[in-house]
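Bear in mind the structure is a predicted one, so any value in this text is a computation, not a measurement.
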Protein chains: 2
Amino acid sequence: MTTTQGARARARIEITAAIKDEARRQLAAEGAAKLSLRAVARELGMVSSALYRYFPSRDDLLTALIIDAYDSVGAAAERAHATAETAAPGDHLAHWTATCRAVRAWAVEHPHEYALIYGSPVPGYTAPQDTVVPASRVGLVLISVARAAYGDKGIALPPLPEVLRAEAERLAAGVAPDLPPPLVATLVSTWAQLFGLISFEVFGQFNNIVEDRDTFFANAAERLGRESGLLPKP
Amino acid sequence: MTTTQGARARARIEITAAIKDEARRQLAAEGAAKLSLRAVARELGMVSSALYRYFPSRDDLLTALIIDAYDSVGAAAERAHATAETAAPGDHLAHWTATCRAVRAWAVEHPHEYALIYGSPVPGYTAPQDTVVPASRVGLVLISVARAAYGDKGIALPPLPEVLRAEAERLAAGVAPDLPPPLVATLVSTWAQLFGLISFEVFGQFNNIVEDRDTFFANAAERLGRESGLLPKP
DNA sequence: CTGAAACGAGAGCAGTGCTCTTGCTCGTGA
DNA sequence: TCACGAGCAAGAGCACTGCTCTCGTTTCAG
């Protein structure tokens, strides 16, 4: 029933996937700016207008790629986290750094897809609602690490200044209501800072500056984790 | 002598500036992807081919805008730093946060120019050598804050792991040979993290998450400064 | 004063996103 | 069963892009 849904429907799925694959290939080769619908169609042996049956516009194709990219990096983070959890149960800092390293590895491996989701937003383009769930996957992993560490032994954080209390409470309510607001606020800024490290590397800001990027990042990620209170100070 | 260099040379300077101004206007209005040489020329009342007398290609125009943007944000940082220095001499943390806030304010005010320099690299991309000096201005301000704090009262930093020593020494040699390597390494990662905070805000990653971004950023910047050892722990 | 360099204008090329029309081919409801 | 509507590929075409080349004109320097 569900499998044999007609040759037509199946072909549509396959062709849609083929278009996305070819688009991803061009993305990896040339970057988002040079992704051309016509070139994709040409490579697939069809005419450009036929492609509009599957994606109503170039932006819609890009949106599909964005969603896939969020899912891809999110899955990588979840995988690394799960692996670290079974390899070193209870070592929250290890879970944290493993997750961070997986995200960075994905970014280095797929720089153009990374740029698509964490770089400059494309022209006049406002992210459709479909992207917000996939976009949150990495963040959810980071939160779950913090949650485990908090449930395990509590987390000592520097007290937030009074002016931030309202914001921290709103933040916590929307993101992780079961965690103390100061922790959530810290986590959000840590989250942004983590991607700052990755973006600077992927976008070339570290060129001629940082050489041994593996160890540099590993150290920075660990410090980030420490400062988020994932580990008692040594 | 130097002022009367012929009407032609003066015209060239003026027209070059006019082109960049109009390009900047289109950049702010539509983003880098939609910046069109023809539209710029049209708006300036000339024909598109004439524009190639001033910029040999679209990428060269973008490169000029990139350099200007680096200079603009660099100048903003230097200005803020100088002001803070005279307003609160010796308060290194205040100098730090003032600089950070100035950079963020510039970014929020010029999101597309910010995206141009700190977002995904646009063209086939190899950053021309002309950009590296302007690109370093913000970093130099941050370094000078750290240098002042270090010269003033020393800075206590957590010891770097042994694996990072070589990298930290190379880093320090290339960036600030007069500062202790661990401090320089910390500073570099702090630098990246600072721009992570700004990028997430400018690129919309904080949408529906962080509301009161002024205070959120101010707090995060201050913590970054503290963790870079700019202030003895309270 | 003259020749070379710089300049603006225009035509033209190859490419783009996107639309519209034209037939063909499925798959389903009568 | 089979006819009709929906889905599809193809092609022509529009308006736009970056960029090149040519052709007169203007300017400046030797």
Taking N or O atoms only and anything under 3.5 Å, show me the protein contacts with nucleotides 16-23 of chain C, one pair per line.
{"residue": "C/dT16", "atom": "OP1", "partner": "A/Ser36", "partner atom": "OG", "Å": "3.0"}
{"residue": "C/dT16", "atom": "OP2", "partner": "A/Arg42", "partner atom": "NH2", "Å": "2.6"}
{"residue": "C/dG17", "atom": "OP1", "partner": "A/Leu37", "partner atom": "N", "Å": "2.7"}
{"residue": "C/dG17", "atom": "OP2", "partner": "A/Leu37", "partner atom": "N", "Å": "3.2"}
{"residue": "C/dG17", "atom": "OP2", "partner": "A/Arg38", "partner atom": "N", "Å": "3.0"}
{"residue": "C/dG17", "atom": "N7", "partner": "A/Arg38", "partner atom": "NH1", "Å": "2.4"}
{"residue": "C/dG17", "atom": "O6", "partner": "A/Arg38", "partner atom": "NH1", "Å": "2.8"}
{"residue": "C/dC18", "atom": "OP2", "partner": "A/Tyr52", "partner atom": "OH", "Å": "3.2"}
{"residue": "C/dC18", "atom": "OP2", "partner": "A/Arg58", "partner atom": "N", "Å": "2.7"}
{"residue": "C/dC18", "atom": "N4", "partner": "A/Arg38", "partner atom": "NH1", "Å": "3.2"}

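Looking at A/Ser57 and A/Asp60, their side chains do bring a donor and an acceptor atom within 3.5 Å of each other.
The distance from atom CZ of B/Arg10 to atom P of C/dC7 is 14 Å, rounded to the nearest whole Å. Straight-line distance from the NZ atom of B/Lys34 to the P atom of D/dA15: 18 Å, rounded to whole Å. Residue B/Glu14 contributes atom CD, which lies 17 Å from atom C1' of C/dG8 at whole-angstrom precision. Rounded to an integer number of Å, the gap from B/Met46 CE to C/dA6 P is 17 Å. Distance CG (B/Leu51) to C1' (D/dC19): 12 Å, rounded to an integer number of Å.
Listed by first then second residue, pairs satisfying ring-ring contact (aromatic ring centres under 6.0 Å, His included) with a partner in residues 46-73 of chain B read B/Tyr70-B/Tyr118, not counting sequence neighbours. Judged as a side chain to side chain donor-acceptor pair (under 3.5 Å), not a single pair has a partner in residues 35-48 of chain A (not counting sequence neighbours). Identified under the ring-ring contact (aromatic ring centres under 6.0 Å, His included) test for residues 11-51 of chain B, with sequence neighbours left out: none. Sorted by first and then second residue, the side chain to side chain donor-acceptor pair (under 3.5 Å) pairs with a member in residues 214-224 of chain A read A/Arg104-A/Asp214, A/Asp212-A/Thr215, A/Glu222-A/Arg226, A/Arg223-B/Thr186; sequence neighbours excluded.
Residues from residues 17-28 of chain B lying near DNA chain C, meaning a heavy-atom separation below 4.0 Å, are absent.
Here B/Phe55 lies out of heavy-atom contact (under 4.0 Å) with every strand. Across all strands shown, A/Leu61 has no heavy atoms under 4.0 Å from either base or sugar-phosphate atoms. If you check every strand for non-hydrogen atoms under 4.0 Å, A/Ile15 touches sugar and phosphate atoms only.
Taking B/Arg24 as the reference, B/Asp21, B/Asp68 meet the salt bridge (charged side-chain N to carboxylate O under 4.0 Å, His left out) condition, with sequence neighbours excluded. Every residue meeting the ring-ring contact (aromatic ring centres under 6.0 Å, His included) condition with A/His110, not counting sequence neighbours, appears here in chain and number order: A/Trp106.
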Ignoring hydrogens and angles, write down the donor-acceptor pairs under 3.5 Å from the side chains of residues 11-18 of chain B, residues two or more places apart or on other chains.
{"residue": "B/Arg12", "atom": "NH2", "partner": "B/Arg53", "partner atom": "O", "Å": "2.5"}
{"residue": "B/Thr16", "atom": "OG1", "partner": "B/Arg12", "partner atom": "O", "Å": "2.6"}

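Contact between the side-chain N/O atoms of A/Arg12 and the OP1/OP2 oxygens of D/dG7 is not found at any separation under 4.0 Å.
A donor-acceptor contact shorter than 3.5 Å is absent between the side chain of B/Ser72 and the backbone of B/Ala69.
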